[in-house]
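Before any comments, here is the structure.
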Amino acid sequence: MTAPEWAHVHFPAVDFEAISYYSAPKDMSDGPKSLADVDPELLRTYEKLGIPLHEQEALAGVIQSRPNVAVDAVFDSVSIATTFKDKLAEAGVVFCPISEAVHSHPELVKKYLGSVVPQRDNFYAALNSAVFSDGSFVYIPKGVRCPMELSTYFRINERNTGQFERTLIIADEGSHVSYLEGCTAPMRDENQLHAAVVELVALGDAQIKYSTVQNWYPGDENGKGGIYNFVTKRGLCAGARSKISWTQVETGSAITWKYPSVVLRGDHSVGEFYSVALTNNMQQADTGTKMIHMGKDTRSTIISKGISTGRSENTYRGLVRISPTASGARNFTQCDSLLIGDTCGAHTFPYIENSNTHAIVEHEATTSKVSEDQLFACQQRGIDPEKAVSMIVNGFCKEVFKELPMEFAVEVNAGEVHAIMGPNGSGKSTLANILAGKPGYEITSGSVEFEGQDISDWEPHERAHAGIFLAFQYPVEIPGVSNMEFLKASLDAKAFANKQEQTNAAQFIKTARSLAKSLDLNPDFLKRGVNEGFSGGEKKRNEILQLLLLQPKLAVLDETDSGLDIDALQVVAEGVNRFRNADNGVVLITHYQRLLDYIVPDFVHVLADGKIVQSGDKSLALELEKKGEDSEQFHDALSRALNSKTHRERWKYTKSQPILDMLEAPAVTPDWHTLPAGVELQALSQDLQDAPLQHQIDDAPEASSALCYHDKLSLVEASGNPTQPLVIQHRGHSAPIVLKVAANSHLELHEIYSDNIDQHQTLWIELGPGSSLTHARNSFVQAKHWQFLRVTLAKDASYILHNHSSGGEMRRQDIQILCNEPGASAQVTSASQIGKGQHLDQQITLEHRAAHTSSQQVFHNIVEDKAKVTFNGRIHIHKHCPQVAATLQNRNLALGDNATINTKPELEIYTDDVTCAHGATQLQGLWLTLRSLNLAFPNPTTPMFDIRADFPILKRQHQDEPLVYLDSAATTQKPDTVINAVADYYRHSNANVHRAAHKLAEEATTLLEDARTLAQQYIGASDRREVIFTRGTTESINLVAQGLQGYLSEGDEILLTALEHHSNIVPWQMLAQRTGASLKIVAVDANGDLDLADFYQKLSRRTKVFTCNHISNALGTVNPVAELVQAAKDAGAITLIDGAQAILHEQLNVTALDCDFYAFSGHKMYAPTGIGILYGKLARLEALPPYQGGGEMIEHVTFESSTYQQPPYKFEAGTPNIGGAVGLGAAIRYLNDLPLAELVEQEKILINSALSQLRQIPGFRLIGEPKQRSAVISFILEGAHPNDIGTLLDQQGVAVRTGHHCTMPLMARLGVPGTVRASFSLYNNAYDVERLVKAEIEMSELSDISITPEASEHIRNQLQLTQARYLRLAVKESGCNGYMYMLDFLESPAPEDKCLDFGDGVRVCVNQADLPMVAGTEVDMITEGLNSALVFKNPNATSYCGCGESFAVSADEDIDDSVAADLDSLATDVGKH
């Protein structure tokens, strides 16, 4: 075997003959006894990571450590000490050197050693297999959770030696173990080799968490010395529902080459990889992971964070392979790179191989830098640069750090005012930055003096320590660093610099929360990342919060008022006025005089061209306002950029011979349609001396075939702004074309490829400075087709490509785009359909060769059965090219089980100060129809993904129109896959679960428990025992409420909200009545949002239970449950969330949400009725008493007493709803196979479209305008009862819900008896909205009819007398320019009738055809003596009719005596007419 050479690392060849392969300490007691004996470098690593001292001792292998970490110390080639072996043995756990395990447990070693990493797996694994002598061995018996953390400490001591240890961990069925590895080596000038092998085996339901903190010696700053770390680590999820998680922090070794991997063989098994790789100086790292999916419904997650600094190179390399057997597999990969400095490199090489179209693979990657603005923001708050970088890096890595089995973070819970004004460009912000000391600004004359000192040379943090504060115009985000952490660090830095005592943590938190509240900021926002996800107003108020907390001597406010509405402006001004006193000065930089109405300045100065040109008091500002000072708001976009390093791995699957064969055919000149004015065509003949063109050919060997056609090479030159597009029709082997677009010219180019013959085309495009080209390519070639496109962009040039293709036996697309000069931008959108048996190979390169360039690329591929697509896309950003922004997305949709998709999006980055991202998605899409795809010019309401065909009930017709179902908040419809799963269970596997010995019971039990596991994974629960089957949300809430009876007593409080469904009110009322507790209700505002101030006011230590819905079923309000839960937990309350409406529309992770209980119903997420889930934290469930007694929930029963099972079975008395659980499992599988994020976003667009159209209808009134809305629209039509609207809609095939929606208290608060509720799901589309809106428009037309109180009473009496429900009006034109109304009393309206409810039982219906004639009619009552009659005043009538034929009277006529007499002669019983 030979050593691998494909990694992105460079080093001299290793002399394997010069290595000593065995070394042992002379004294076996050489292990560390205290922290003083441990390598200082390892301790420094721990300190940087924030590990507490007691954790440092344990992780460093100190023998006398705390008793919940067992340590095996391996020095050189042998294990010298293993702690707590005897204590572990009591639980049956084996933890010993592998040399010992060979003798004491030979059967285990023989069975598993080499089973995951065979001896010939790779060169270094073979080397290890030949020479290893020791390492660690772990065996966890069946059903055992290892009682303590296990850890191994590896150290290379001797010179000229290598370390070749082997680790083998076996977790038997149902067991759990957490293992941590630490590594160090002394500093030496020579390189030493570490070639270890780690094998993990997890059997059914077992879990292994393997963490590494690697700190081998990395060599000195010049790259001399250091460890070569060439390690093979692999885990096998051998059993169903097993899980292996790798977490690693890589900070050392000169060269790292390792890829901790997981083979997911067991069905429903899970693999995870969390990594932080830091390279500095001359370090090189090529590291990543492999996730091999073999079993069904397997899951894998990859989170990789790479940090590069110095002159180092950091590469992520990852493989996700989906085998044909891995149906339902799913992977998510997120690779983020952070560059510090402009001499390092960061690279991403993901490999995706998917052979099963029922799998979903998602890959995302970003590259960013520690920006100057972030550093300046930290320094301006007094944090020195080194600490600032440390904070930002730690925030960047927090997602991985939290996976490590240790405490990485400790959170403690407990004058004159001068205004500077001036137009844009006058130097106002420059002045602010100079005062604060922002780098990059030069003082050409004069100085900055503060308190008598020249501070011109002071660093920003030194100025901050002295008392200078800058409120930023555009506050920057610092992801991962909480506001609390940032503010405390700023205060502590200022105190330390001024030799003052640091602020007490508890007092700091109290003060910060109080100040936040005063600024109308929710105090809980202090826990959020600095400005992360903040609105503009929140960011500005956050600046004032920092001002009030830090109390500087001079505050410089740089356009703090920009972008604020008047309310936010007043809050900010109040904060500034609170700060203002005799000891503090304020410099107020602003565009607008309006700010000075709230902060009255002592002086106003006008700045122009960097100089003060006028001074005065506030009246000067008013004068400027009148003169029309430039008041346009100044918006500066802070740009981030991306950078990529030159390194390309060609990843081609196209056979080259067919291409070469094509070149033998003669070339033909393409068909040129009429050339637009400004476009000239000429033949280049053999004149290829044009330097730019020759350079392009030299740079693009793939296009060298163009030289074969040089005799027919065409040059096209475009200038000016042609009004018509240039159209080129290609046929066969088109001769190459060079298109040049002159400076400041603009052209539209259409290329058409057709004919069913082999084709080959080459096109070079040169865009001059300031030019633009919009390029459309349409290819429908059914034979072999090869296209080469190369585009170069000069300064400020713009290129847009729309690429569409279908067909092609073999199709190759090479696209190279070069942004050569600043300001160049490129945008590519591509949609390709690959038919059965066809092959598409896309090779895409976009190079950024200059600063301030940008690109955006999205490639969509639809892959039919037995088709193949290969995508290799690369973003390459060269050195010294800052301020670049680039994105690349590849989205693939497979329409058959045998489609093959291989995708590799790459980033190569060689500079910092860039913004870069790429991603790849693979979806299974038998349910997608091509007509639902509109990639080039998408209509925002046209669904990209249409799943309606999956739901058979939606095929129902109503009067030749499809059923429109808008009642999904009540229950969702069921897809075929759920219906079939339930039917299949009853046909083939029906039996009672548990205990029985026969095959049917075994199958039924497996189906039930598989559904439990699927639900656990879907909601993010950490343990399947936390998932209880119930009948639905209502029963789940009752279960908890009843179980908490012993927890509450008189004086305790239960806090719920005014948004709740009756099922989350009544159980708590019953509990309060039984215990003497009281209910407290959080108010809701007129918009339907919770009053958070009221929540915080009513939340107290007396609050024992807090419950609320995640989403309101009546209004669609999305509640801030994370904030509410955290606040309730801080108050000591138990929390329950009603998730019935959220389970389908919100991404849920109950572990992250940290609620105690979460309830939802299966029928709200496409599952059958009668099945639901109660999630509960295991400790809470163990403390609750059983809900019901009976079979299944007992452990042992006598007539005297019974003992109960542990959760979940403790709460599942009797035979469960097995068929319902099977349906729930099928529904979750169905949802897992969908692109949920895209569908939910599509749903939001649809709802916004519906709202926009409904608001245009006269009389439409939306009930509830929450800040964040889910899939519900509640409304009324003025003058129409909701029930009648529902009836009308039903007659037109539109199903909605009407009434109070089991939220009577909420309806009372909103002042309505009920509403019409249209609730959406993922299967709804724009057609449904169109039908809803059309019906509502027709209903609104009825609202033009009015009835006087007297007429209303008369009609009501007649309805009661005739025992009818509706008065039906039919109308026709009479012969005397009036209208004749014919009346009838009916039990129900006719299908063609439209109905209107006037309240108090008065309902009128009108034939749809008569609506135009009755519009505006007023119904009145005339009484004369004992006789009475109805009169219909119609604005469309030109006269009244007194001939006895009708009751119609013109609305413009007075009713005189003659008319009354005529009316008096008419029958008094209106029912007879």
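All values below were derived from every heavy atom in this structure, side-chain atoms included, with hydrogens, water molecules and symmetry-related copies excluded. Keep in mind it's a predicted model, so treat the numbers as computed, not measured.
- In summary, the side chains of Asp976 and Asn980 do not present any donor paired with an acceptor at a separation below 3.5 Å, with no hydrogens or angles considered.
- The side-chain heavy atoms of Leu1174 and Phe1157, taken from C-beta on, include a pair separated by under 4.5 Å.
- The shortest distance between side-chain heavy atoms of Asp1156 and Val1125 does not fall below 4.5 Å.
- If you take CG on Asn892 and CD1 on Ile360, they are separated by 13.0 Å, rounding to the nearest 0.5 Å.
- We find the OG1-OH distance between Thr971 and Tyr1166 to be 11.0 Å, quoted to the nearest 0.5 Å.
- The pair Arg299-Glu272 does not count as a salt bridge, with every side-chain nitrogen at least 4.0 angstrom from each carboxylate oxygen.
- Salt bridge Asp336/Lys305: present, at least one basic N to carboxylate O contact under 4.0 Å.
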Stepwise salt bridge (Lys or Arg N to Asp or Glu O under 4.0 Å) test for Arg1255 and Glu1265: CA-CA 12 Å; Arg1255 290 179 197 273; Glu1265 294 263 17; 2.9 Å; yes
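- The number of heavy atoms from other shown groups lying within 6.0 Å of CZ (Arg1031) does not exceed 12.
- At a cut-off of 3.5 Å, with distance as the only test, no side-chain donor of Asp1138 or Tyr1158 sits close to an acceptor on the other residue.
- Atom CZ of Arg956 is surrounded by 12 or fewer heavy atoms from other residues, nucleotides or ligands within 6.0 Å.
- Considering only residues two or more places apart in sequence or on other chains, Tyr965 meets the side chain to side chain donor-acceptor pair (under 3.5 Å) condition with none of them.
- The closest side-chain heavy-atom distance from Tyr274 to Ser304 is not below 4.5 Å.
- Leu1246 contributes atom CG, which lies 11.0 Å from atom OG of Ser1321 (distance to the nearest 0.5 angstrom).
- Results of the side chain to side chain contact (heavy atoms under 4.5 Å, CB included) test with Thr1107 over Ile1137, Thr1135, Leu1136 single out Leu1136 as the only residue that passes.
- For Asp967 and Arg1317, the salt-bridge test passes: some basic side-chain N is under 4.0 Å from an acidic carboxylate O.
- At a threshold of 4.5 Å between non-hydrogen side-chain atoms, the residues Val1084 and Leu1306 count as touching.
- In this structure, OG in Ser1112 is found 7.5 Å from CG in Asn1119, a value given to the nearest 0.5 Å.
- Gln889 and Gln857 share no donor-acceptor pair across their side chains, judged by distance under 3.5 Å alone.
- Between Lys1334 and Glu961, none of the side-chain N atoms (NZ, or NE/NH1/NH2) sits under 4.0 Å from a carboxylate O, so this pair counts as no salt bridge.
- Between Gly1088 and Thr1117 the shortest heavy-atom distance is O-OG1, 2.8 Å.
- For the residue pair Asn1064 / Asn1109, no side-chain donor-acceptor distance below 3.5 Å is found, with atom types taken as modelled.
- Across every non-hydrogen atom of Asn1325 and Arg948, the tightest pair is ND2-CD, 3.8 Å.
- Of all heavy-atom pairs between Arg1297 and Ala970, the closest is NH2-CB, 3.6 Å.
- Nearest heavy atoms, Gly1220 versus Ile1171: O-CG2, 3.6 Å.
- Val978 and Ala1167 make their closest contact through CG1-CA, 4.3 Å (heavy atoms, listed as atom of the first residue, atom of the second, distance).
- The one candidate from Ile1263, Asn1087, Thr1315 that meets the side chain to side chain contact (heavy atoms under 4.5 Å, CB included) condition with Leu1310 is Ile1263.
- In this model, a donor atom of one side chain and an acceptor atom of the other lie less than 3.5 Å apart for His293 and Ser300.
- The existence of a salt bridge linking Lys1267 and Asp1085 is excluded, since no basic side-chain nitrogen approaches an acidic carboxylate oxygen closer than 4.0 Å.
- With Asp297 as reference, Arg1229 is the one residue of Gln1017, Arg1229, Arg241 to meet the side chain to side chain donor-acceptor pair (under 3.5 Å) rule.
- To the nearest 0.5 Å, the span separating CE on Met1165 from CG on Leu1224 amounts to 5.5 Å.
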Worked check of side chain to side chain donor-acceptor pair (under 3.5 Å) between Asn356 and Asn354: CA-CA 6 Å; Asn356 189 300; Asn354 190 355; over 6 Å; no
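- The structure places NE2 of His802 at 7.0 Å from CD of Gln827, a figure rounded to the nearest 0.5 Å.
- Shortest non-hydrogen contact noted between Thr1303 and Glu1060 is CG2-O, 3.7 Å.
- Between Ser1036 and Thr1030, the side chains place a donor N or O and an acceptor N or O closer than 3.5 Å (distance only, hydrogens not considered).
- Counting only N and O atoms by type, the side chains of His1145 and Glu1243 include a donor and acceptor under 3.5 Å apart.
- Summarising the local packing, NZ of Lys1177 is surrounded by more than 12 heavy atoms from other residues, nucleotides or ligands at distances under 6.0 Å.
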